[in-house]
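Taking it in order: structure first as structure tokens, then the write-up.
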Amino acid sequence: MPWSPLAALSWALVLRLLALLWPPGRGEACSCAPAHPQQHFCHSALVIRAKISSEKVVPASKDPADTQKLIRYEIKQIKMFKGFEKAKDIQYVYTPFDSSLCGVKLETNSHKQYLLTGQILSDGKVFIHLCNYIEPWEDLSLVQRESLNHHYHKNCGCQITTCYAVPCTISAPNECLWTDWLLERKLYGYQAQHYVCMKHVDGICSWYRGHLHLRKEYVDIIQP
């Protein structure tokens, strides 16, 4: 899932692990654990804004017996938000060819820009899949864009818990309840787009959006 330690894994092992997670008997759909954009940022090795120049299907490894394929996207990096200590200018990102292994399909040779989050493997290559947070840049809110520069990184000590049904409770002072699914029946709703789980000086984390107060329904949801 988005916080898996893929950075130390080889290509072949990554693809085998994905194949084990989604065997043929479970169908072709890719399954991912829900994660708030802030969680994706905190648990990713790399976060960049980029345009996609081209794509090419390449072998997953040099082993001739390995039939797995990858898509190699050539990108034009516009800005890096995270990963400075591990990489400078990213030229390629890789994703599984098969959608059942959570391969990502991106538009090439267009004006569209993407926010890409991913992992850096042991050979230095960048690996992305559908369980990462990958969104067209134009779809991000102003709060999300600002948080990529500041708030997400500074508040990775907070934990975000997904709320599926009432009552929802927190088990630690550094937790925030994420209620988009409960209130809107979608993961990336108003709370994901406009709020940051922020840690205060006393160590308590709570939702924050600039000088605006938390919407009342987010407060009521924790009541039994």
Side-chain angles (χ1 to χ4, degrees), residues 1-8 32-50 78-87 114-120 126 128-135 137 139-224:
M1 297 311 157
W3 50 86
S4 298
L6 295 178
C32 304
H36 187 277
Q38 181 173 336
Q39 291 173 291
H40 280 289
F41 181 96
C42 292
H43 294 122
S44 295
L46 186 80
V47 181
I48 60 173
R49 176 183 178 184
I78 298 171
K79 185 171 183 177
M80 180 177 288
F81 301 100
K82 186 179 180 182
F84 304 98
E85 71 284 357
K86 297 182 180 179
Y114 289 94
L115 174 69
L116 303 176
T117 70
Q119 306 299 333
I120 303 175
V126 177
I128 64 173
H129 51 77
L130 284 176
C131 295
N132 297 122
Y133 190 61
I134 298 172
E135 293 288 331
W137 183 258
D139 291 349
L140 299 180
S141 70
L142 292 177
V143 172
Q144 287 176 309
R145 297 181 190 187
E146 181 186 56
S147 297
L148 288 167
N149 286 303
H150 305 289
H151 302 312
Y152 287 162
H153 176 73
K154 293 180 180 179
N155 293 282
C156 286
C158 293
Q159 302 296 319
I160 299 175
T161 301
T162 307
C163 179
Y164 296 105
V166 291
C168 294
T169 59
I170 59 176
S171 58
N174 69 330
E175 286 186 44
C176 292
L177 289 178
W178 182 24
T179 58
D180 277 342
W181 177 256
L182 181 66
L183 298 176
E184 303 182 44
R185 285 296 181 259
K186 63 180 180 180
L187 288 178
Y188 300 126
Y190 193 88
Q191 197 174 15
Q193 294 172 348
H194 301 289
Y195 284 89
V196 178
C197 182
M198 189 169 290
K199 180 173 285 188
H200 304 281
V201 292
D202 58 2
I204 296 176
C205 293
S206 62
W207 292 114
Y208 180 83
R209 184 193 176 189
H211 298 291
L212 299 181
H213 294 294
L214 184 66
R215 280 170 54 174
K216 184 176 184 297
E217 52 265 49
Y218 297 152
V219 177
D220 291 344
I221 215 69
I222 68 173
Q223 304 300 328

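Ser44 and Thr117 get closest at one heavy-atom pair: OG-CB, 3.4 Å. What you find for Glu184 and Tyr190 is that their closest heavy atoms are OE2-N, 2.9 Å. The two residues Lys82 and His43 come nearest to each other via the heavy atoms NZ-N, 4.2 Å. Of all the heavy atoms in Leu182 and Tyr164, the pair that sits closest is CD1-O, 3.3 Å. Contact detail for Thr179 and Cys163: the closest heavy-atom pair is CG2-CB, 3.9 Å. Considering every non-hydrogen atom in both Ala192 and Asp180, the closest pair reads N-OD2, 2.8 Å.
Taking the side-chain contact (heavy atoms from CB on, under 4.5 Å) definition, one finds that Thr161 meets it with Glu175, Leu177, sequence neighbours left out. For the side chain to side chain donor-acceptor pair (under 3.5 Å) test, no residue two or more places apart in sequence or in another chain qualifies with Thr162.
Val47 is listed as a side-chain neighbour of Leu115, based on a closest heavy-atom distance under 4.5 Å. In this structure, the side chains of Lys86 and Leu46 stay at 4.5 Å or more apart for every pair of heavy atoms.
Between Cys197 and Cys176, a gap of under 2.5 Å is found separating the two SG atoms.
We find the CG-SG distance between Asn132 and Cys32 to be 8.5 Å, quoted to the nearest 0.5 Å.
Formation of a donor-acceptor pair under 3.5 Å by the Gln144 side chain with backbone atoms of Tyr195 is not found in this model.
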Run Phe81 and Arg49 through side chain to side chain contact (heavy atoms under 4.5 Å, CB included) and show every step you take.
CA-CA 8 Å; Phe81 301 100; Arg49 176 183 178 184; 3.9 Å; yes
Intermediate values then yes/no, side-chain hydrogen bond (donor to acceptor under 3.5 Å, both in side chains), Gln38 and Ser147
CA-CA 8 Å; Gln38 181 173 336; Ser147 297; over 6 Å; no
Might you work through the side chain to side chain contact (heavy atoms under 4.5 Å, CB included) test for Met198 and Cys205, ending with a clear yes or no?
CA-CA 5 Å; Met198 189 169 290; Cys205 293; over 6 Å; no
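Across Trp207, Tyr133, Tyr188, a single residue satisfies ring pair (Phe, Tyr, Trp, His ring centres under 6.0 Å) together with His36, and that is Trp207.
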Sequence neighbours left out, cut at 3.5 Å: what donor-acceptor pairs do the side chains of residues 148-160 make with other protein atoms?
from, atom 1, to, atom 2, distance (Å)
Asn149, OD1, Lys79, NZ, 2.8
Asn149, ND2, Arg145, O, 3.4
Asn155, OD1, Lys199, N, 2.7
Asn155, ND2, His151, O, 2.7

